[in-house]
Number of protein chains: 2
Amino acid sequence: MKTLKIPEATIIRLSVYSRHLTDVDRKGIITTSSGEIADGVGVSPAQVRKDLAYFGEFGTRGVGYNVKDLRQHIMRILGLGVEWSVTLVGVGNLGLALSTYKGFRDRGFVITSIFDADPKKIGTKIEGVEVLPIEQLETVVKQNNTQIGIVAVPASVAQETVDKLIKSGVSAILNFAPIVLNVPPEIELRNVDLAVNLEVLTFNVCGQRCY
Amino acid sequence: MKTLKIPEATIIRLSVYSRHLTDVDRKGIITTSSGEIADGVGVSPAQVRKDLAYFGEFGTRGVGYNVKDLRQHIMRILGLGVEWSVTLVGVGNLGLALSTYKGFRDRGFVITSIFDADPKKIGTKIEGVEVLPIEQLETVVKQNNTQIGIVAVPASVAQETVDKLIKSGVSAILNFAPIVLNVPPEIELRNVDLAVNLEVLTFNVCGQRCY
DNA sequence: TTTGGATAGTGCTATAATTAACATACCTTA
DNA sequence: TAAGGTATGTTAATTATAGCACTATCCAAA
């Protein structure tokens, strides 16, 4: 298999396709087509085929795709064949919401440890997982061989938090703090900035006329 | 001012620039340059200049940019000169987290109404705002002339929720439900899918070798 | 067995976005 | 007042992404 660069947009769409296929499969549908998938997720049929073509041939010409098969393939491509151990740092309102978010476990992401700096929160249990003091982060994350860290701490301590996570051996970080983080290139980092999302909306609502 | 199409990536970066400039301004720094901004947010200087060039000339050749000025300009561009009335639908853990998120108010987004379907939650107050029954959504949102809706309900009721929001006159929607929504083209819609973000990470961690 | 309809896979074209290079303008200093 | 240094604004080139059209393949029905 060639290792040509895959656009990130393609990965995002694959993730959406797989979710769509899960729904379709649940309805008992056996076969689908690029056109149906396209309708279901709001892209063009050509785009669907193009995205899949990066990874191989999963359909049958003249027929379409087997729903279960294609779903399974995409899950594999996305690395969702196995369970992922996730650690969550920061148990504010957002951290609490993330720790109880059903969508994670459904897709194989299991929160195996939770940390916070606030003494009042330490020792409490969230969905069966005890909140530990931040000082134990390195030991526990190493022990569990956790690969993914979620950062839901205030911006002021976000950089030191990711530094700790990286020292502990995680290779991917999902950051919710509204700040630009410095990480070495081998660490995968994604930022979810809630305010930025609203600001893209306001720009578009202004019809790009405000300025 | 010409109305050429602005890339969405540019808007996202502008939002990040403005946040960066707020920090820089707070440090008492008067003047900055495209290079410094680039360093601060992790893009190239040319990118910074290009992004700004879509909207006008905000700097002085040979000198750089006045921090306060440039920040003000970008805020204007993003439509952040005024306060935005926002309504929140769904008071699960995520909705609760969003309703108390400081980053929104800081940037001029004020949650003026909150709705939920669960009778037990109705009447409770969150940050001084009373949770109202979903049946009152249309009336209240119209009354307040609210422009932005945040959807934090389960996927199964997300489509009917946005339908209600649109009937009530909102023009922009930020959706957290993991489902593809149908909205008319004049409505601005952005999706924040938490699981998708993790899946992009796992794909990259797998080094694109898993498949 | 052959033909028609349908749909995946693929190469090419066009569009968009990023990067790089250059010319312009401003401030400072001698 | 003139010259040098510096950083912007802008144009050109490169790269990346999406869209389209065509070809190959399969199934079903006559």
Side-chain angles (χ1 to χ4, degrees), chain A residues 1-17 20-21 24 29-71 73-74 77 200 203-204 208 211, chain B residues 1-17 21 24 29-67 69-71 73-74 77 200 203-204 208 211:
Chain A
M1 177 87 39
K2 297 182 292 281
T3 294
L4 47 148
K5 222 188 110 291
I6 316 284
E8 178 167 299
T10 291
I11 306 305
I12 293 172
R13 282 190 299 265
L14 282 179
S15 175
V16 176
Y17 300 160
H20 170 77
L21 289 170
V24 170
I29 295 167
I30 305 297
T31 303
T32 189
S33 67
S34 60
E36 283 179 0
I37 296 172
D39 284 347
V41 306
V43 302
S44 72
Q47 184 76 77
V48 174
R49 294 199 298 274
K50 200 85 186 291
D51 287 335
L52 295 172
Y54 281 111
F55 301 97
E57 306 189 3
F58 307 113
T60 313
R61 300 181 186 203
V63 181
Y65 303 92
N66 177 282
V67 173
K68 274 194 204 310
D69 255 30
L70 183 58
R71 177 175 174 282
H73 273 298
I74 298 179
I77 291 167
V200 174
F203 172 79
N204 286 318
Q208 317 183 6
Y211 52 94
Chain B
M1 179 91 35
K2 296 183 292 280
T3 293
L4 46 148
K5 223 187 110 290
I6 316 284
E8 176 168 300
T10 291
I11 306 307
I12 293 173
R13 282 191 298 266
L14 283 178
S15 175
V16 176
Y17 300 161
L21 289 170
V24 170
I29 296 167
I30 306 297
T31 303
T32 188
S33 67
S34 59
E36 283 179 359
I37 296 171
D39 284 348
V41 307
V43 302
S44 72
Q47 184 77 81
V48 174
R49 294 199 299 274
K50 194 82 194 288
D51 286 336
L52 295 172
Y54 282 109
F55 302 96
E57 308 188 3
F58 307 113
T60 314
R61 302 184 185 199
V63 181
Y65 303 93
N66 178 282
V67 173
D69 253 32
L70 183 58
R71 177 175 173 283
H73 273 298
I74 297 179
I77 291 168
V200 174
F203 173 79
N204 286 319
Q208 317 184 5
Y211 53 95

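Naming: A, B, ... by sequence-line order, numbering from 1 per chain.
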In whole angstrom, what separates A/Q47's CD from D/dC20's P?
->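 These atoms are roughly 11 Å apart.
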Length of the NE2-P vector between A/H73 and C/dG9, whole Å =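 Distance, rounded to whole Å: 11 Å.
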Just wondering, do B/T32 and B/N66 contact through their side chains at under 4.5 Å, heavy atoms?
->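 Not touching, per the 4.5 Å side-chain cut-off.
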Are any non-hydrogen side-chain atoms of A/K5 and A/Y54 less than 4.5 angstrom apart?
->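 Side-chain contact under 4.5 Å: no.
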What pairs with B/F58 under ring-ring contact (aromatic ring centres under 6.0 Å, His included), at least two apart in sequence or on another chain?
->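 Result, ring-ring contact (aromatic ring centres under 6.0 Å, His included) vs B/F58: B/H73.
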Okay, side chain of B/D69, backbone of B/Y65: is any donor-acceptor separation there less than 3.5 Å?
->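 No.
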Where the side chain of B/T60 meets the backbone of B/V63, is there a donor-acceptor pair that is under 3.5 Å apart?
->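 Pair absent, no side-chain N/O of B/T60 close to backbone of B/V63.
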Nucleotide-resolved protein contact map, nucleotides 7-17 of chain D, B/S/- at heavy-atom distance under 4.0 Å | BBBS------S
